[in-house]
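Counting convention: from 1, in listed order, for ligands and their atoms alike. Remember, it's a predicted structure, so these values are computed and weren't measured experimentally.
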Amino acid sequence: MLAEIDRLPDESAVETATPHVVIRNASRNFVQKISAVEALLSRVGMNYADRVVQAVSDVSLEIPRGTAVGLVGESGCGKSTLGRMAAGLLSATHGEVIIDGERMDAGHAGMSARDMLRVQMVFQNPMASLNPRQKVVDIVTEAAVYHGLIRRRDRQEFAAELLREVGLPPDVLNRLPHQFSGGQRQRIGIARALSVSPEFLICDEPVAALDVLIQAQIINLLLELKERRKLTLLFISHDLGVVRHICDEVVVMYLGRIVERASTADLFAGPAHPYTQALFREIPRIGSGRRSYEPISGEIPSPLSPPSGCHFHPRCPCAIEKCSLETPPLIPVGNGRLARCWLPSV
Ligand code: SF4
């Protein structure tokens with residue numbers, strides 16, 4: 001779909017780069033409080049209690065320096081929650097986030113504001129993440145001035161240089177966000193993230209709200225910035241087609257757990273996990289003049305009561321009795337790949 005992408009990631013990058021980001025046994029629970037009505041009913045003897053949703057469950061992940069790792073899965077799989085944990089915006093219920101050898105998870109004592117600048121995030125909806133009353137010059141210099149990275153009097157020049165880097169003309173510095181298109185606003189969001197010179201950039205569905213042509217332009221920009229600034233990227237997307245163009249490795253999540261991890265080349269050569277295979281079948285295909293795709297059967301189960309054993313078993317065409325009884329571990333399936341399945345395709 002993204003024909004205008006200039007090039008694919010360097011497949012050798014994963015083997016040669018050194019680890020930069022380590023997410024270790026990270027879990028994140030959310031508590032859903034009982035409603036006022038349920039609280040009243042519980043007083044007269046009915047059984048209601050707060051419910052715990054495990055949005056991310058025991059995820060471990062290493063991201064080599066200078067590489068891009070894609071995090072994919074359906075809505076509600078925990079990928080955005082994991083991204084916010086990696087960005088230090090959300091604390092982990094268990095586990096830790098280590099960047100450049102230092103604990104960086106939210107709420108961890110000893111982490112300075114300067115440390116936090118090393119990680120920045122680009123969001124899906126730039127209109128929602130940009131202050132509509134702030135001029136572009138203020139948006140892209142606010143953090144750098146606040147943290148003393150630039151002098152206030154150098155803002156115009158600094159902002160103009162950042163805009164040039166993300167492909168916007170410097171004469172838009174005094175405009176407001178609503179005066180830009182969606183793609184331009186995303187460029188402003190990227191410029192804001194770059195303003196504090198991060199080393200690790202987390203992009204949460206950065207092109208999901210854009211049309212295909214603009215998607216390709218933003219992906220090309222991120223690829224250029226990754227190379228020029230030697231960035232490490234965590235790229236969150238529901239779209240395997242987009243991830244293919246920018247990521248060296250792909251991690252697939254389902255109901256809070258990693259179910260497959262592989263180099264992009266290996267994953268696209270043949271996914272090992274039935275869920276990943278189902279995601280591939282969902283990608284629209286054009287053949288005989290007709291557009292077709294095969295949606296994954298069944299509903300995504302509620303994270304409030306995930307299925308026993310392998311969470312995917314109620315929707316899996318390959319399920320056997322063991323799948324509903326025992327949780328499969330992440331199993332090595334060759335060439336550094338991992339799959340959480342009792343019957344992986346290898
Ligand atoms: Fe399907 Fe069983 Fe593998 Fe789960 S463990 S993906 S249910 S075959």
Side-chain angles (χ1 to χ4, degrees), residues 23-29 51-62 69-83 94-95 234-244 247 249-285 292-346:
I23 298 170
R24 189 175 292 150
N25 304 116
S27 298
R28 173 70 199 201
N29 298 343
R51 290 170 282 248
V52 175
V53 180
Q54 194 160 38
V56 172
S57 177
D58 198 23
V59 166
S60 293
L61 181 61
E62 286 187 2
V69 169
L71 205 50
V72 301
E74 293 165 292
S75 294
C77 72
K79 56 190 190 299
S80 290
T81 301
L82 185 62
H94 304 288
L234 180 61
F235 193 92
I236 299 166
S237 178
H238 66 281
D239 188 336
L240 275 165
V242 170
V243 163
R244 180 181 200 176
C247 296
E249 273 194 291
V250 183
V251 172
V252 182
M253 288 185 71
Y254 186 75
L255 276 187
R257 294 174 177 163
I258 291 179
V259 295
E260 181 158 8
R261 179 178 182 178
S263 73
T264 307
D266 282 346
L267 197 84
F268 277 78
H273 194 283
Y275 175 62
T276 319
Q277 292 162 7
L279 284 180
F280 271 90
R281 285 194 295 272
E282 272 202 327
I283 299 174
R285 293 176 296 276
S292 67
Y293 79 106
E294 218 178 297
I296 302 174
S297 66
E299 296 289 316
I300 303 174
S302 167
L304 280 168
S305 54
S308 59
C310 170
H311 286 347
F312 189 55
H313 83 259
R315 305 171 80 188
C316 180
C318 316
I320 54 175
E321 191 182 358
K322 182 180 184 180
C323 302
S324 62
L325 302 174
E326 295 177 42
T327 302
L330 273 173
I331 299 166
V333 291
N335 207 19
R337 307 176 63 169
L338 297 168
R340 189 184 295 281
C341 179
W342 294 121
L343 304 167
S345 303
V346 283

Open item on the list: If you count every heavy atom of other residues, nucleotides or ligands that lies below 6.0 Å from Arg315 atom CZ, does the total exceed 12?
Closed with: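 Enclosed.
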Open item on the list: Parallel, tilted or perpendicular, judged at 30° and 60°: which one describes the rings of Tyr275 and Tyr254?
Closed with: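 Tilted: the ring planes of Tyr275 and Tyr254 meet at 30° to 60°.
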Task: Atom pair SG (Cys310) and CG (Leu325), whose distance is rounded to the nearest 0.5 Å - done: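 The distance works out to 11.5 Å.
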Task: Distance in Å, Met253 CE paired with Arg340 CZ, rounded so as to fall on 0.5 Å steps - done: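 So the CE of Met253 and the CZ of Arg340 are separated by 9.5 Å.
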Task: Exam field: side chain Gln277 to backbone Pro271, donor-acceptor pair closer than 3.5 Å - done: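 Yes, because the side chain of Gln277 sits within donor-acceptor range (under 3.5 Å) of the backbone of Pro271.
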Task: Near atom 4 (Fe) of ligand 1 (cut-off under 2.8 Å), count of protein N, O or S atoms - done: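 With waters ignored, the protein N/O/S count below 2.8 Å is 1.
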Task: Leu255 and its side-chain contact (heavy atoms from CB on, under 4.5 Å) partner, picked from Cys77, Ser57, Pro307 - done: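 Exactly one option meets the side-chain contact (heavy atoms from CB on, under 4.5 Å) with Leu255, and it is Pro307.
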